[in-house]
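Input: a single structure, listed below in C-alpha cells.
Each residue takes its place number in the sequence, starting with 1. What you see below is based on every heavy atom in this structure, not just the backbone, and it leaves out hydrogens, waters and symmetry mates.
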Amino acid sequence: MRLIVYFLLFISLGLQAQEVSGIVKDSLTQETLPYVNVTYLHSDEGTSTDQQGVFQLQLSEENQKDTLLISYVGYRSKLIPVHQLNSTSEEILLEQERAEIETVQLQVKKAKYTSARKIGFKRKGDYRHSKAYGTEVCVWIKNEERRAGKLTEVQLFFKKNKPQNKKWKSYQAYFLVKFYAFDVEKRKPGKLLVAEPILIQPKNKRHTIKIDVEELNILYPVEGICIGVETIKPEHVKPTESMFSTYPYQVYAHSKEALTWGSFRGKPWKKQRRRSYFKPNMFTNPLVKLKVKYRK
C-alpha cells in the first residue's frame, strides 16, 4: 500500500524576521510526524519538526534563491525551489518506500537461525565525540562470516558531557538509530533495512544502551550492516548560541580502518577519516556492538 504524507507549508513574509514554517502529517492516519528534516540544499541551515510535526526555518535573502530538501526515514526525499512556494500554503507529497523493506523483513522472519552471537568493535581507545543537531553518523559493521542472518540487538555507548563547559554551553540531545545495507559498488551506506527509526534518550552519564530489535526482523546482509545514529534536538531545548556542544557524548573506538560516513539532515553521505588524537596511526569509529543470528 502506498502512503502519502501531506506537508503543509507556509511562508511568513514579515518586515523583520522572515521564515518558512509548516506542519507534516501522515495522510492515512492524519498523525503528525516528528523529526522530519527540513534544510536548504546549498547551506547548513536546517531544522526538524517537533512532536506536533511543526517546524520553523529562517528565510534570508540568500535562501530565497535556494532549494528546500525535505527528508524522512522511509520516504522519498523531495527538493522544492524556494521561489516556487507561495505565500499562503502548499501541499508537498512525500511517498513512502516501505514495500521492498517489508518484503525483506517477511523473508527474514520466515528463516531459521542459529543462536545469537556477539560482533562489532572492540573497546579500544574509548574516544568520545559530540555532534551537532541534524548530524547523522553511520558506521559499517562488516560481516566476517559472510553469511546472511538476522540482527537481534544493538549496543551503543555514551559518556557524560558537563552541561556547562569552559569553552561553550552544552545542550541535551536525543538520538535516532537507523539501519542500512552497505552499498558495495558505491562504498557507502545503501538501502534502508527498517522504515521506522528508533528514538533513544540516553542520560548524561557513562552507560550502555542495549536495543532489542529481534521483533523488527532486520536483515544482517552478507556484506555487513551500517548503523546510523542521528543527533536530535529535544523539543524543550532552546539553544541561545550559534556554537555549542551536545550531551551525552557518543563513545568512539580506535580501529585500523575508516568505516564511518556522515550526513547532515538527509544530504549525501560523506566519508569520514577522523584520526585519533592519541594514536595518529588509527582511525576513530563509533563504538557499536551487535548480536546476530546466522541462517542455518
query: Would F179 and I227 count as a side-chain contact (heavy atoms from CB on, under 4.5 Å) if you check the C-alpha gap in whole Å, the side-chain angles of each, and the deciding distance to 0.1 Å?
result: CA-CA 5 Å; F179 307 88; I227 308 298; 3.6 Å; yes

query: Given V251 and F121, is the side-chain contact (heavy atoms from CB on, under 4.5 Å) satisfied, shown in steps?
result: CA-CA 11 Å; V251 176; F121 293 103; over 6 Å; no

Intermediate values then yes/no, side-chain contact (heavy atoms from CB on, under 4.5 Å), V20 and V38: CA-CA 10 Å; V20 178; V38 182; 6.0 Å; no

- prompt: Do F283 and T260 pass the side-chain contact (heavy atoms from CB on, under 4.5 Å) test, and can you show the C-alpha distance, the side-chain angles, and the key distance before you say yes or no?
  reply: CA-CA 9 Å; F283 293 96; T260 303; over 6 Å; no

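The OG atom of S245 lies 9.5 Å from the OH atom of Y171; values are rounded to the nearest 0.5 Å. How far SG of C138 is from NZ of K270: 16.0 Å, rounded to the nearest 0.5 Å. Atom CD of Q64 is separated from atom CG of L59 by 4.5 Å, given to the nearest 0.5 angstrom. Here CD of Q201 is found 7.5 Å from CD of Q172. Values are rounded to the nearest 0.5 Å. Atom-to-atom distance recorded for W261:CH2 and Y180:OH is 13.0 Å, nearest 0.5 angstrom. Going from atom NZ of K289 over to atom NZ of K118 covers 8.0 Å, rounded to the nearest 0.5 Å.
The closest donor-acceptor contact from the side chain of N204 to the backbone of N161 lies under 3.5 Å. For K233 (side chain) and V237 (main-chain N/O), a donor-acceptor pair under 3.5 Å exists by modelled atom type. Listed for the E223 side chain is no donor-acceptor partner under 3.5 Å among the backbone atoms of D183. In this structure, R117 contributes its side chain and V292 its backbone to no donor-acceptor pair below 3.5 Å. Remark: side-chain polar atoms of T152 are paired, donor with acceptor, to backbone N or O of K291 under 3.5 angstrom.
Residue P248 comes nearest to F175 through the heavy atom pair O-CZ, 3.9 Å, listed as atom of the first residue, atom of the second, then distance. The two residues A173 and P234 make their nearest non-hydrogen contact at CA-CD, 4.0 Å. Contact record, L192 with I101: O-CG1, 3.6 Å, taken as the closest heavy-atom pair. Shown here for H129 and Y252, the closest heavy-atom pair between the two residues is CB-CE1, 3.7 Å. When all heavy atoms are compared, the tightest approach of R265 to G46 is NE-C, 3.4 Å. Between L287 and A253, the closest heavy-atom pair is CD1-CB, 3.9 Å.
Applying the side-chain contact (heavy atoms from CB on, under 4.5 Å) test to L79 and every residue at least two apart in sequence or in another chain returns L41, T67, L69. Not counting sequence neighbours, the partners of K142 by the side-chain contact (heavy atoms from CB on, under 4.5 Å) test are W140, E144, E257, L259. Among residues two or more places apart in sequence or in another chain, the side-chain contact (heavy atoms from CB on, under 4.5 Å) test is passed with T135 by K131, A132, V137, F264. By the ring pair (Phe, Tyr, Trp, His ring centres under 6.0 Å) test, Y174 is found to be paired with no residue, residues two or more places apart in sequence or in another chain being considered. In terms of the side-chain hydrogen bond (donor to acceptor under 3.5 Å, both in side chains) criterion, residue partners of E196 (sequence neighbours excluded) are, by chain and number, R98. Listed by chain and number, the residues in a side-chain hydrogen bond (donor to acceptor under 3.5 Å, both in side chains) with S130 are T246 (sequence neighbours excluded). Residues meeting the side-chain hydrogen bond (donor to acceptor under 3.5 Å, both in side chains) test with Y133, sequence neighbours left out: none. Here Y113 pairs with nothing under the ring pair (Phe, Tyr, Trp, His ring centres under 6.0 Å) rule; sequence neighbours left out. Applying the side-chain contact (heavy atoms from CB on, under 4.5 Å) rule to E45 yields the partners Y40, S43, N63; only residues at least two apart in sequence or on another chain are considered. By the side-chain hydrogen bond (donor to acceptor under 3.5 Å, both in side chains) test, Q272 is found to be paired with no residue, residues two or more places apart in sequence or in another chain being considered. For H42, the ring pair (Phe, Tyr, Trp, His ring centres under 6.0 Å) criterion is met by no residue, not counting sequence neighbours. In this structure, Y220 has no ring pair (Phe, Tyr, Trp, His ring centres under 6.0 Å) partners at least two apart in sequence or on a different chain.
Two residues are said to be in side-chain contact when any heavy atoms from C-beta on lie closer than 4.5 Å; R187 and K271 fail this criterion. Side-chain contact between I70 and N37: absent, with no pair of heavy atoms (C-beta onward) separated by less than 4.5 Å. Within the 4.5 Å cutoff, the side chain of L176 has no heavy atoms near those of the V73 side chain. With a 4.5 Å cut-off on side-chain heavy atoms, V213 and V194 do not count as touching. With contacts defined as side-chain heavy-atom distances shorter than 4.5 Å, the pair Y35/L199 qualifies. A heavy-atom distance below 4.5 Å is found between the side chains of L57 and L68. Proximity of T114 to R147: side-chain heavy atoms (C-beta onward) are separated by under 4.5 Å at one or more points. Counting heavy atoms from C-beta on, the side chains of K210 and Q155 come closer than 4.5 Å.
The local environment of CD in E241 is crowded, with over 12 non-hydrogen atoms from other residues, nucleotides or ligands closer than 6.0 Å. Annotation: E100, atom CD; neighbour count of heavy atoms from other residues, nucleotides and ligands within 6.0 Å does not exceed 12.
Partner T284 forms a side chain to side chain contact (heavy atoms under 4.5 Å, CB included) with one of R273, K279, H254 and no other, that one being H254.
In this structure, F158 and H207 have tilted ring planes: the angle between them lies in the 30° to 60° band.
Each of Y75 and I232 belongs to its own hydrophobic cluster when Ile, Leu, Val, Met, Phe, Trp and Tyr are linked at side-chain heavy-atom distances under 4.5 angstrom. Linking Ile, Leu, Val, Met, Phe, Trp and Tyr whenever their side-chain heavy atoms come within less than 4.5 Å leaves L151 and V222 in two separate clusters.
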